[in-house]
Amino acid sequence: MNYLAHFHLAGTNENYIVGALLGDFVKGSLAGSELPAEINTGIKLHRQIDGFTQRQPSVDKKTYDGPWRRYGGILEDVISDYFLSRAWSDYHPRQLEQYADDVYHILQTNNHHLNEKALNFAQRMSEYNLLCRYRDWSSIDRTLTSIGQRLKRDNPLHQAADYLWPHRAQLEDNFHADYPALITFATQWRDNQ
C-alpha cells in the first residue's frame with residue numbers, strides 16, 4: 001500500500017497517521033526512539049500492513065514479466081492508491097478532498113516529529129495535493145518515475161505506467177478483493193494496542 005492507503009488504515013488516531021508517513025522514513029528498530037509511543041505504534045502498524053499485503057495471494061511478483069518482477073511491490077503500492085482514490089466513497093464517509101486536507105493538517109501540526117526527508121515529502125504532498133491526484137492515471141507515471149529516480153540502480157520505472165495500463169482491470173479486481181481484509185486486519189491490530 002502507498003500513502004493514501006496507509007493513512008486510511010491508520011484510522012482516526014493522529015499519531016498513527018504521523019506514524020503511517022514515518023513508516024517509509026524510519027528504518028530499523030524503534031527501541032530507544034525519541035518519538036512518542038503512539039507514533040512508534042503507527043510506524044509498527046505501517047510495517048504490519050506492508051507484511052500483511054505481501055502475504056496476499058493476489059500480490060505475487062510473478063504476476064509481472066521480466067524486468068518488472070523486481071519492482072512488483074512498488075507497482076502494487078502505487079497502483080493501489082490509484083484504485084483506492086477512485087473508489088474512495090466505497091471505503092470512507094468523508095470526501096477525499098476533505099480527508100486529504102485533514103491529513104495535511106495533521107502532518108503540519110506534528111511536523112516537529114518528522115525527520116528531514118519525511119518533512120520534505122509531507123510538504124510536497126500538501127503543496128501538490130498528492131492524495132487527491134492519485135485519482136489520475138498520469139499520477140501513476142509521475143510517481144513511479146520519481147521513485148525510479150531515487151533508486152540507486154538503473155530501472156524501468158519511468159515506463160511502468162505504460163506497462164500497467166493493459167493489466168489495470170485485473171489489478172483493480174485484485175485490489176478490491178484484498179482491501180476489505182486489509183481494513184479488518186488493520187482495525188483489529190489497532191484495537192489490540
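- When all heavy atoms of Ala161 and Leu144 are compared, the closest pair comes out as N-CD1, 4.4 Å.
- A donor-acceptor pair under 3.5 Å is absent between the side-chain atoms of Asn110 and the main chain of His113, judged by distance alone.
- Considering NE2 of His105 and CG of Asp102, their distance stands at 8.0 Å, rounded to 0.5 Å.
- By the 4.5 Å heavy-atom criterion applied to side chains, Asn15 and Asn40 are not counted as neighbours.
- Of the possible polar contacts, none joining the Arg135 side chain to the Arg86 backbone as a donor-acceptor pair under 3.5 Å is found.
- Expressed to the nearest 0.5 Å, how far CE of Met125 lies from SG of Cys132 amounts to 11.5 Å.
- Put simply, CG on Asp81 and CZ on Phe7 are 9.5 Å apart, with the number rounded to the nearest 0.5 Å.
- In this structure, the side chains of Tyr104 and Asn129 come closer than 4.5 Å at one or more pairs of heavy atoms.
- Ring pair His8/Tyr91 is perpendicular by interplanar angle, where above 60° counts as perpendicular and below 30° as parallel.
- Sparse packing is recorded around CD of Gln95, with 12 or fewer heavy atoms of other residues, nucleotides or ligands lying under 6.0 Å away.
- Between Phe185 and Phe52, the ring-plane angle classifies as parallel under the 30° and 60° cut-offs.
- Remark: His92 NE2 is packed, more than 12 non-hydrogen atoms of other residues, nucleotides or ligands lying under 6.0 Å away.
- Remark: the backbone N or O of Phe25 is paired with a side-chain donor or acceptor of Asn115 at under 3.5 angstrom.
- Using a 30° and 60° split on the angle between ring planes, Trp68 and Tyr163 fall in the parallel class, below 30°.
- Between Arg47 and Val26, the closest side-chain pair of non-hydrogen atoms falls below 4.5 Å.
- Ser146 and Arg142 are not linked by any side-chain donor-acceptor pair at a separation below 3.5 angstrom, with hydrogens and angles left out of the test.
- A 4.5 Å side-chain heavy-atom check between Leu9 and Trp189 finds every atom pair outside the cut-off.
- The closest donor-acceptor contact from the side chain of Lys27 to the backbone of Asp24 lies under 3.5 Å.
- Across all their heavy atoms, Tyr16 and Glu38 have their closest contact at CD1-O, 3.3 Å.
- Using a distance-only test at 3.5 Å, with no hydrogens or angles considered, a donor-acceptor pair links the side chain of Ser80 to the main chain of Glu76.
- Side-chain atoms of Ser85 come within 3.5 Å of backbone N or O of Tyr82 as a donor-acceptor pair.
- Proximity of Tyr71 to Leu151: side-chain heavy atoms (C-beta onward) are separated by under 4.5 Å at one or more points.
- Formation of a donor-acceptor pair under 3.5 Å by the Asn155 side chain with backbone atoms of Gly148 is found in this model.
- Using modelled atom types, one finds a donor on one side chain and an acceptor on the other under 3.5 Å when comparing Asn174 with Gln170.
- A pairwise comparison of heavy atoms in Ala122 and Leu114 identifies CB-CD1, 4.0 Å as the closest pair.
- The heavy-atom pair separating Thr41 from Gln193 by the smallest distance is CG2-CG, 3.9 Å.
- Taken from CG in Leu96 to CG in Leu4, the straight-line distance is 6.0 Å, to the nearest 0.5 Å.
- Atom CD of Glu116 has 12 or fewer heavy atoms from other residues, nucleotides or ligands within 6.0 Å.
- Heavy-atom minimum distance, Thr143 versus Tyr134: OG1-CE2, 4.2 Å.
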Exercise for the section: Starting from the C-alpha separation in whole Å, work towards a yes-or-no answer on side chain to side chain contact (heavy atoms under 4.5 Å, CB included) for Asp50 and His6. Expected result: CA-CA 9 Å; Asp50 284 350; His6 274 293; 3.0 Å; yes

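- Residues Arg190 and Asn13 form no side-chain contact, since every pair of their non-hydrogen atoms from C-beta on lies 4.5 Å or further apart.
- More than 12 non-hydrogen atoms from other residues, nucleotides or ligands lie less than 6.0 angstrom from CG of Asp191.
- Side-chain atoms of Arg168 and Leu164, non-hydrogen and from C-beta on, never get closer than 4.5 Å to each other.
- Below 30°, between 30° and 60°, or above 60°: for Tyr179 and Phe175 the angle between ring planes is below 30°, a parallel geometry.
- By the 4.5 Å heavy-atom criterion applied to side chains, Leu22 and Leu35 are counted as neighbours.
- For the atom pair Leu107 CG and Leu21 CG, the distance stands at 5.5 Å (nearest 0.5 Å).
- How far OG1 of Thr187 is from CG of Asn192: 11.0 Å, rounded to the nearest 0.5 Å.
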